[in-house]
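Note that these values count all heavy atoms, side chains included, but never hydrogens, waters or copies made by symmetry. Order of listing sets the numbers, starting from 1, for every ligand and every atom in it.
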Amino acid sequence: MTESVLYPCDNRYRESKSLNGMWDFKFDPNGIGLKENWNKGLNDAIKMPVPGSFSDLFTQKEKRDYTGDFWYEIDFYVPKGWEKNKTFIRFGSLTHRGIIYCNGKKITEHEGGFLPVVANISESINVNGINKIVIKMNNELSEYTLPVGTTQVLKSGRKIARPYFDFFNYSGIQRNVWLVSLPNKSIKDFDTSIKLNQNVAEINYNIVADDGDVKVELCETDGTIVAVSKGASGKLFVKAPHLWNVKNAYLYTFKIILSEKNIIIDQYESKIGLRTVQIKNDKICINDKPVYLKGFGKHEDFDILGKSFNWSIVKRDFECMKWTNANCFRTSHYPYAEEWYQLADEEGFLIIDEVPAVGMMRSFQNFVDAGKGKFTNFFSTKTIPELKKNHSQQIKEMIKRDKNHPSVFSWSLFNEPETTSQPAYDYFKDIFSVARKADPQKRPCTGALEKNSQPDTCKVYPLCDFICLNRYYGWYIDGGEAVDDSQIEFEAEMNKWKKEKLNKPFVFTEFGTDNLVSEHKLPSIMWSQEYQNEYLKMYFDVFDKYPFIQGELVWNFADFQTSQGIRRVNGNKKGIFTRERQPKEAAFLLKDRWENI
Ligand code: BDP
C-alpha cells in the first residue's frame, strides 16, 4: 500500500466522482479468466450492484455460497479538466483480495478485505475516450490470510468457504468506490495527537506531503480559525477548547494547506476531536474522567445487503444504540466502512477498532470449542510466518486509516485466538509492538479472549492494556437445566482474575444467548426471550460485584448471518435487535440498566 488512503474530500484542488452503481460481473469457477484475457474486458457478464455483497442477491445456492475467483468491470470517462492532475481509483475495500487492471494493464493488487485499496491510474487512462477498470477478485479462506478458515472442494467439484469464525463470508466490492483527482503535488497523510494542560489543548501534528510549504489551521464549527501553524510538523494550542466527550462530541475542522511560491496547490480538510485516552489503574479515562463502556459487539450485516455499505443502516444502528443509552461498540471482527467511524465521531461514541484476526483456533465452531478449551497448536504450524505478515500489514493499514478518529479509543488485535502456548505469546508479542509503533496517539491495545484464556493458562493477556473477555457461562457452558452453576463458575473465574491484582480495567466484549422472537416460556428455557433476560441479569449481578469491570459490550447488537449449522437458525440469533433492527425484550432491559450507569 503506497498511495494515500485519506478519505476523499472535495474542494478547489481535489475532486472525486462516485463510481457506485451497476457494474459488470462474472464468476470464474475454473480460474480461466486471466488466460482468456478477462482483464481486458468481460464477455457475457451479468450486472452487479456496487457497493454490494453478491451472495444474498441470487436465488441459487451455488451463487450464494460461491467461493473462488470473480471479476468486476466498469467503464468510465475522466471528467474534463482532470488531465492536468493525477487520477486515482479508491475502493473502501475489496473482499478478500483483488488485482486491479486499468485498460488491460495491471496496476496493483491488495490482500485483505476490509481496508481501502487505492491505485494511481494516471499513466494508464485515456483522457479523450472511454476507460475500463477490471478487477480480479477472490474470496477463498486459508490459514495464511485473515480472517482465517479453509476452502473445501466438494465431491461435486464446487468450492465452499469453511470459516473458522461465526459470520457469513460475504464478499465483493462492498464499500464505496470513487475516482479521485489530486494535484500533482499533494497532501498524502496527517496525524494529530492531543495533550490537555489545565484549560489548554496542545495538538501535535505531522503532515506527509510532496515538497511545498505546509500551513495548518484549526477551525470551530462556525469556521472561526482558532489556531494556525506552519511547517509539516508542529503544535497548535487552543485555549478553553471544546473537548470531544463521550456522547457529547465537538468536532473541529483540521485544514492542511500546501503551497508553492505562495500559491496554494492542495488543501485537505478533516474533522478531528480534542480528547485524551488513558488507562489509569483499573479505569478507562477519556479526558481524565473514567468512562464505563456500555454497548455492543456488532457486525456489518443486513438482510439482502449482506455487508454492503449503506448509510441508512448506519444511521438506524446509531439511533437504536442511542435509544439503549449505549456509548460504545466493537467493530467485531474487522474494520468497518469508514463512514461508521465518521458518524461515531459526530455522535460521541467510543469504538474498539478490530483487525480481522478472527479464527486463530482451527475450529468450524470456534464459539463452542472456545468455551470448552480446545487446544489446537494453531501458532506452531507452517502458515504462521505468512499469516503474521498479513496480520501486521492489516494492523498498519487499519491504524493508518483510522488514527485520526476521536471515536477510536483502542485497537483490538485479535478475537479469540489460542493463547495458552509459548508460540502464541511469541506471535502476539510482535503483533502488539507493530500496533504500538504504528499509532501516533499511542492508544491502548487489547484483544478479545475466549474462555480457555484464564489467568493461570493465558500467556497473552499481559500484553493487553485492558483485558477483554468473551464469556458464555449459561449458554455454551452450564446452559439450560445446569444454569445454577453458571454464576458459580463465572464468579469462580472472576475471583481468580481478582487475585492476580492486575490493576487493569476489564471489559466484557462478548456475552449473550441466542433467542427467537417467537419463543416465550415460563419458566424460561434456552432460546426463549425470558432466558436471555435472566442470563443478562445474572451477568449484571456479577459485573457489579467487581469494581475492575469497566465495560459491558453485549453479543450482539443484532441477529446476523453465519455459515449454516445445527446451532444456527438462519444465522446467529444473539441479537438484542432483530436483523431488521427491531427490539427484542432484552433491549428494554439494557436501556433501563444503561440509563442508570
Ligand atoms: C464467539 C465469537 C463470535 C460468535 C459468538 C457466538 O467471538 O464471533 O458469534 O461467540 O457464539 O466465540 O455467538
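- Counting heavy atoms under 4.0 Å from ligand 1, residue Tyr476 touches it through the side chain alone.
- For an aromatic pair to be called close, the ring centres must be under 6.0 Å apart, and Tyr539 with Tyr535 satisfies this.
- Using a 4.0 Å cut-off between heavy atoms, His299 makes no contact with ligand 1 at all.
- Taking the six-membered ring where the residue is Trp, the centroids of Phe91 and His110 are separated by 6.0 Å or more.
- Ring-centre distance between Phe329 and Phe296: not below the 6.0 Å cut-off.
- Neither the backbone nor the side chain of Phe167 comes within contact range of ligand 1; no heavy atom lies under 4.0 Å.
- Side-chain atoms of Thr420 and Glu418 form a donor-acceptor pair, as typed in the model, at a separation below 3.5 Å.
- Formation of a donor-acceptor pair under 3.5 Å by the Arg581 side chain with backbone atoms of Arg579 is found in this model.
- With a 4.0 Å heavy-atom cut-off, ligand 1 is reached by no atom of Asp514.
- Counting heavy atoms closer than 4.0 Å to ligand 1, residue Glu450 contributes nothing at all.
- Taking the six-membered ring for Trp, Tyr472 and Phe511 have ring centres at least 6.0 Å apart.
- The distance between the ring centers of Phe557 and Trp555 does not fall below 6.0 angstrom.
- Judged purely by atom type and a 3.5 angstrom limit, Lys501 has no side-chain atom pairing as donor or acceptor with the backbone of Lys498.
- At a 4.0 Å heavy-atom cut-off, ligand 1 touches Phe560 through the side chain alone.
- Proximity of the aromatic rings of Trp475 and Trp527 is defined here by a centroid distance below 6.0 angstrom, and this criterion is met.
- Note on ligand 1: Trp555 sits in its first shell, one or more heavy atoms being nearer than 4.0 Å.
- Residue Asn556 does not touch ligand 1, judged by heavy-atom distances below 4.0 Å.
- Heavy-atom contacts of His333 reach the following atoms of ligand 1: 3 (C), 7 (O), 8 (O) (cutoff under 4.0 Å).
- In this structure, Tyr472 is part of the shell of residues with a heavy atom less than 4.0 angstrom from ligand 1.
- Close approach of ligand 1 to Lys574 (heavy-atom distance below 4.0 Å) involves ligand atoms 6 (C), 11 (O), 13 (O).
- In this comparison of Arg567, Glu416, Arg471, Lys573, the heavy atom closest to atom 12 (O) of ligand 1 sits on Glu416.
- Residue-ligand proximity, Arg568 to ligand 1, at heavy-atom distances under 4.0 Å covers atoms 6 (C), 11 (O), 13 (O).
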